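Just so it is clear, the structure is predicted and the values come from calculations on it, not from any experiment. Below, each value reflects all heavy atoms present in this structure, side chains not excepted, and no hydrogens, waters or symmetry copies.
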There are 2 protein chains.
Amino acid sequence: MNSLEQQSWQSVHDEVLRRIHTREWKPGDLIPKEVELAEQLGCARATVNRALRELASEGFLDRRRKAGTRVAAHPVRRAKLDIPVIRLEIEGRGQKYAYGLLFSERRTPPPEICANLGVTAESDMLHITSLHLADGKPFMFEDRWVSIAATPTILDADLEKISANEWLVLHAPYTRGDIYFSAVNASAAEAKVLRTDPGTSLFLMERTTWENQTGITSARLLFAPGYRKHSAI
Amino acid sequence: MNSLEQQSWQSVHDEVLRRIHTREWKPGDLIPKEVELAEQLGCARATVNRALRELASEGFLDRRRKAGTRVAAHPVRRAKLDIPVIRLEIEGRGQKYAYGLLFSERRTPPPEICANLGVTAESDMLHITSLHLADGKPFMFEDRWVSIAATPTILDADLEKISANEWLVLHAPYTRGDIYFSAVNASAAEAKVLRTDPGTSLFLMERTTWENQTGITSARLLFAPGYRKHSAI
DNA sequence: TAGTGGTCTAGACCACAGA
DNA sequence: CTGTGGTCTAGACCACTAG
């Protein structure tokens, strides 16, 4: 299988993946060291390194100094999940986006928000609820708390025109975020806003983001019935 | 901000990220080219390249030959979602894993499975339903179709002992997969299996995987009430 | 067609963890 | 200690694409 032609790190990547898929190298097996592979495949070690590094980050390989590189025993595959601004997600479906601010209030947060963001109950926060629509139909209901200490300029934003979701993406980059996906039965109020029936199963996304150690915002995003979030591996 | 000390690609990564976060470089801005940055930061271009490449894959930068590198206008953040074997997910929570095969049958697939996998209605497939338990309680109900043409050896697997989920991970590596997350109301049958009430909102994960162009398996994973899938950015 | 990122190389040194 | 991966470098050529 050796070749004398010019190789790229992707060729190496694919070749190694092929050997894993054909079970030439089985889960748990030790594979040749970088120098050997480079020789076998006729390329520089750096090239092999790049390929193996990618494969490790994709979950196919376990690499440890001195111990060498092994085929992962339990390939924990890592899916990629794009988190775009809601507007772009809707427009990406070829639908018309609209947005309405339902409610905005400056106040101290309830206990669960304090717990999420790690702030005190006396924090100065903005509480915003809004509705995002696709082709005129309710698409997602957003219930968000924003720390004013962390992003004071949000008070100047016109949240009638730009959603908090989008404003934050543009003005408050975060360093770290948590997302939880789950399913809940619609409450009476939620059903009314999303124009569905109470008890209907709804897809819920809860996001909290931080800038370093400072909590910025915590949001509860409730999607209209039928929503499916896609991800690829 | 320049320094004479030894730099690593991570320092460059962090420094660029800092400039983005402090809005020294704003969304849409063109940033210095690799050679210039390398000079400024006192390292080799390859080092800068590695840093910027990572930042681009994280969604912070847009890079195009000749056009240069820009701060992403709409940072589509890419969350990492680990897709482990169910057993490991449960054991990772410190709970005891158990598994029961409910049903197994060799037959031709229904239309929706054909559509998912891109196979014909006459395909030879294995249809398996099973229940995964955590600490003795129903955790996830799995309804899976496996292409026998793609993975003939699954007929030799003892699916009473090892779940199809785990067997496939070990024996049928895939090159590509789709995942859809959604929320559904429990049917009467589903409620009974998961020991909950009909209509309860359940988290649903639908996965289809391919080896190159060949469909391997399509599964419907229905989680017990209260399940939350976590992801981090 | 010229400018920018994408990649490759050969060699070097370092850092970590096995034995 | 020693072997392995992790990273850096300087230089080179290539590939894509904006102007």
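Candidate nucleotides D/dT2, D/dT7, D/dT9 were compared by shortest atom distance to the side chain of B/Cys43, and D/dT9 ranks first. Closest to the B/Ala67 side chain, of the nucleotides D/dC8, C/dA10, D/dA18, is D/dA18.
Under the 3.5 Å distance criterion, with hydrogens and angles disregarded, no donor-acceptor pair is assigned to the side chains of A/Arg87 and A/Ser163.
Between the C1' atom of C/dG6 and the CD atom of B/Glu54 lies a distance of 15 Å, rounded to the nearest Å. Rounded to whole Å, atom C1' of C/dT7 lies 15 Å from atom CG of B/Leu52. What separates CG of A/Leu61 from C1' of D/dG6 is a distance of 15 Å, to the nearest Å. Regarding A/Ile31, its CD1 atom lies at a distance of 20 Å from the P atom of D/dG3, rounded to whole Å. The distance between atom CG of B/Asp62 and atom C1' of D/dT17, rounded to the nearest whole Å, is 15 Å. Atom pair A/Leu41:CG and C/dC8:P shows a separation of 12 Å (rounding to whole Å applied).
Taking both residues in full, the closest heavy atoms of B/Ser130 and B/Leu101 are given as CB-CA, 4.1 Å, listed atom of the first, atom of the second, then distance.
A close approach under 4.0 Å does occur between a side-chain nitrogen or oxygen of A/Lys33 and OP1 or OP2 of D/dT4. OP1 or OP2 of C/dG6 lies within a sub-4.0 Å distance of a side-chain N or O belonging to B/Asn49. At the phosphate of C/dG6, neither OP1 nor OP2 sits under 4.0 Å from any side-chain N or O atom of A/Ser8. Within the structure, every side-chain polar atom (N or O) of B/Arg53 is placed at least 4.0 Å from both OP1 and OP2 of C/dG6. The phosphate of D/dT9 (OP1 or OP2) has a side-chain N or O of B/Thr47 nearer than 4.0 angstrom.
The six-membered or imidazole ring of A/His132 lies away from that of A/Phe139, with a centre-to-centre distance of 6.0 Å or more.
Around atom CZ of B/Arg64, no more than 12 heavy atoms belonging to other residues, nucleotides or ligands sit under 6.0 Å away.
Between B/Arg45 and B/Arg50, it is B/Arg50 whose nearest contact on DNA chain D lies nearer the 5' terminus. Annotation: of the two residues near DNA chain C, A/Ala46 and A/Arg64, the 5′-most nearest-nucleotide partner is A/Ala46.
Taking 4.5 Å as the limit, every side-chain heavy atom of B/Trp210 sits out of range of all side-chain heavy atoms of B/Ile216.
Contact of A/Arg65 with C/dA17 (side chain to base): no donor-acceptor pair of N or O atoms is detected under 3.5 Å.
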With both pairing distances under 3.5 angstrom for Watson-Crick or G-U wobble, and | for a partner in another strand, the correct string for DNA chain D is ||||||||||||||||||.

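Atoms OG1 and CZ, on B/Thr153 and A/Arg23 in that order, are 8.0 Å from each other to the nearest 0.5 Å. For the atom pair A/Glu142 CD and A/Tyr99 OH, the distance stands at 7.0 Å (nearest 0.5 Å).
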